[in-house]
Amino acid sequence: MRAKQLVSLLAIAALVACQSTGPVHIGERSARPAAGDYEQILAEHTRRAHVYDWLDAVVDVRATYHSPAFKQAFAAARARFQGRAADRVEATLFGRALPKDPIEQFADVVRPFADSVPAGPDLSDAETFFVAMYVADQENRWLTHDSTIWEVALNVDGGPPVEPLRIESVRRTPSLDQVYPYLDKLDTPYVFYFAPTSADGRPLISSSTRSFTLRIVSKIADAKVTWQVAR
């Protein structure tokens with residue numbers, strides 16, 4: 001039994017070692033990246049947390065931080081991406097509104113007759129992360145349901161945890177796969193939105209930030225991904 005446990009621990013340690021990454025340059029590059037640089041910059045901005053119960057996967061999280069440098073790379077490669085999902089990614093990155101489809105236009109017509117709904121937070125300049133999450137227990141895979149078992153928080157430089165303004169589920173399509181090619185068929189994709197400033201009014205993530213950690217935690221798993229910021 002001890003030998004089996006040792007093999008399992010060694011396998012997990014090897015997987016963790018393979019996922020380690022170095023510091024990321026989050027600021028805009030002085031030299032504009034080329035379209036062919038997108039995959040490299042995407043990889044630099046992406047972190048992974050793979051939680052196991054022995055050798056059984058419990059949770060697999062891949063998260064991409066949308067820094068100014070990532071936005072530059074996306075803009076340079078934009079012509080390579082097609083479809084509605086690519087349009088939505090662009091709108092998320094640059095705080096732009098999408099043209100409304102017929103269903104949304106109909107909603108505008110009936111809205112005056114509906115009960116008043118409080119306005120949501122302004123997300124146009126939010127700090128955003130794209131997150132692909134696989135949960136082995138499919139009954140508990142959703143982050144957006146009222147009955148979710150998961151809590152999400154961002155910790156910057158050891159400060160207090162910051163909860164997201166909004167978690168938005170995203171429909172997976174071939175268009176979305178073009179932008180985030182690490183997506184797997186069993187993943188649930190999300191966009192996490194955080195306020196651009198902290199409680200004291202300073203930027204949440206800036207050039208002076210040393211590191212930040214995104215945590216998705218529940219009773220069944222504690223998934224943490226950390227970005228060390230290059231100085």
Side-chain angles (χ1 to χ4, degrees), residues 19-35 37-49 61-78 81 86-98 119-133 143 150-168 170 179-180 182 189-217 222-231:
Q19 293 165 15
S20 62
T21 52
V24 60
H25 293 270
I26 63 174
E28 286 190 356
R29 268 72 164 174
S30 55
R32 180 183 173 87
D37 296 330
Y38 177 77
E39 283 75 14
Q40 177 185 341
I41 295 174
L42 171 67
E44 291 173 358
H45 284 73
T46 301
R47 298 292 183 269
R48 184 180 189 184
V61 172
R62 280 126 295 136
T64 299
Y65 170 51
H66 294 153
S67 77
F70 176 83
K71 294 175 184 178
Q72 272 188 316
F74 177 87
R78 180 64 181 91
F81 308 133
D87 293 340
R88 290 192 175 276
V89 172
E90 183 176 18
T92 297
L93 294 179
F94 300 104
R96 299 171 185 165
L98 282 169
D122 181 10
L123 304 176
S124 59
D125 57 354
E127 291 283 6
T128 60
F129 295 77
F130 178 83
V131 176
M133 185 171 178
L143 299 178
W150 301 96
E151 293 184 357
V152 175
L154 182 67
N155 181 276
V156 181
D157 286 337
V162 179
E163 295 182 356
L165 295 173
R166 180 177 175 182
I167 298 176
E168 178 180 85
V170 184
V179 183
Y180 305 102
Y182 54 73
Y190 300 95
V191 177
F192 292 178
Y193 297 84
F194 291 88
T197 56
S198 57
D200 59 8
R202 292 182 295 180
L204 183 65
I205 300 174
S206 68
S207 58
S208 63
T209 299
R210 298 184 301 275
S211 69
F212 50 96
T213 298
L214 185 64
R215 185 183 185 197
I216 307 174
V217 60
D222 187 351
K224 292 184 284 190
V225 287
T226 298
W227 290 260
Q228 300 291 335
V229 180
R231 310 308 300 164

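What you see below is based on every heavy atom in this structure, not just the backbone, and it leaves out hydrogens, waters and symmetry mates. The chain is numbered in sequence order, starting from 1.
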Student: Side chains of F70 and L93: does their closest heavy-atom pair fall under 4.5 Å?
Tutor: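 The answer is yes; the side chains approach within 4.5 Å.
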
Student: Could you tell me whether the side chain of V229 reaches within less than 4.5 Å of the side chain of I205, counting heavy atoms only?
Tutor: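 When only atoms from C-beta onward are counted, V229 and I205 do not touch, as no gap falls below 4.5 Å.
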
Student: Using only atom types and a distance under 3.5 Å, with no angle test, would you say the side chain of Y38 pairs donor to acceptor with the backbone of V179?
Tutor: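 Side chain of Y38 to backbone of V179: a pair is present.
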
Student: Would you say Y65 and V24 make side-chain contact, with heavy atoms under 4.5 Å?
Tutor: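 Sidechains of V24 and Y65: no contact.
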
Student: Among residues two or more places apart or on two chains, list those pairs meeting side-chain hydrogen bond (donor to acceptor under 3.5 Å, both in side chains) that have a residue in residues 150-167.
Tutor: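 Residue pairs passing side-chain hydrogen bond (donor to acceptor under 3.5 Å, both in side chains), neighbours aside: R166-E168.
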
Student: With side chain to side chain contact (heavy atoms under 4.5 Å, CB included) as the criterion, how do L123 and L165 come out once you've worked through the C-alpha distance, each side chain's angles and the decisive distance to 0.1 Å?
Tutor: CA-CA 8 Å; L123 304 176; L165 295 173; 4.0 Å; yes

Student: State, to 0.1 Å, how close A223 and A49 come at their nearest heavy-atom pair, and which atoms those are.
Tutor: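 Shortest heavy-atom contact: CB-CB, 4.0 Å.
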
Student: With a 4.5 Å heavy-atom cut-off, do F192 and L143 have their side chains touching?
Tutor: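 The answer is yes; the side chains approach within 4.5 Å.
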
Student: Sorted by first residue and then second, give each side-chain hydrogen bond (donor to acceptor under 3.5 Å, both in side chains) pair with at least one member in residues 23-32; sequence neighbours left out.
Tutor: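 Applying side-chain hydrogen bond (donor to acceptor under 3.5 Å, both in side chains) to every pair that reaches into residues 23-32, excluding sequence neighbours, yields R29-E44.
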
Student: So if I apply the side-chain contact (heavy atoms from CB on, under 4.5 Å) rule between H66 and each of F130, F74, F94, which one comes out positive?
Tutor: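 So, applying the side-chain contact (heavy atoms from CB on, under 4.5 Å) to H66 and each of F130, F74, F94, only F130 qualifies.
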
Student: Is it true that a side-chain atom of R88 and a backbone atom of A91 form a donor plus acceptor pair closer than 3.5 Å?
Tutor: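 Checked: no pair found.
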
Student: If the condition is salt bridge (charged side-chain N to carboxylate O under 4.0 Å, His left out), which residues does R231 pass it with, not counting sequence neighbours?
Tutor: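 Result, salt bridge (charged side-chain N to carboxylate O under 4.0 Å, His left out) vs R231: none returned.
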
Student: Are any of the side-chain heavy atoms of R215 and D222 separated by less than 4.5 Å?
Tutor: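 The answer is yes, as the side chains (C-beta and beyond) meet within the 4.5 Å cut-off.
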
Student: Just so I know, are the side chains of F194 and L214 near enough to count as touching, which here means a heavy-atom distance under 4.5 Å?
Tutor: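 F194 vs L214: side chains touch.
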
Student: Side-chain contact, heavy-atom cut-off 4.5 Å: Y182 with L42?
Tutor: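 Contact flag for Y182/L42 side chains = yes.
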
Student: For the atom pair CH2 (W227) and OG1 (T64), what is the distance rounded to the nearest 0.5 Å?
Tutor: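 Answer rounded to 0.5 Å: 7.5 Å.
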
Student: Would you please test V131 and V225 for side chain to side chain contact (heavy atoms under 4.5 Å, CB included) and show each step?
Tutor: CA-CA 11 Å; V131 176; V225 287; over 6 Å; no

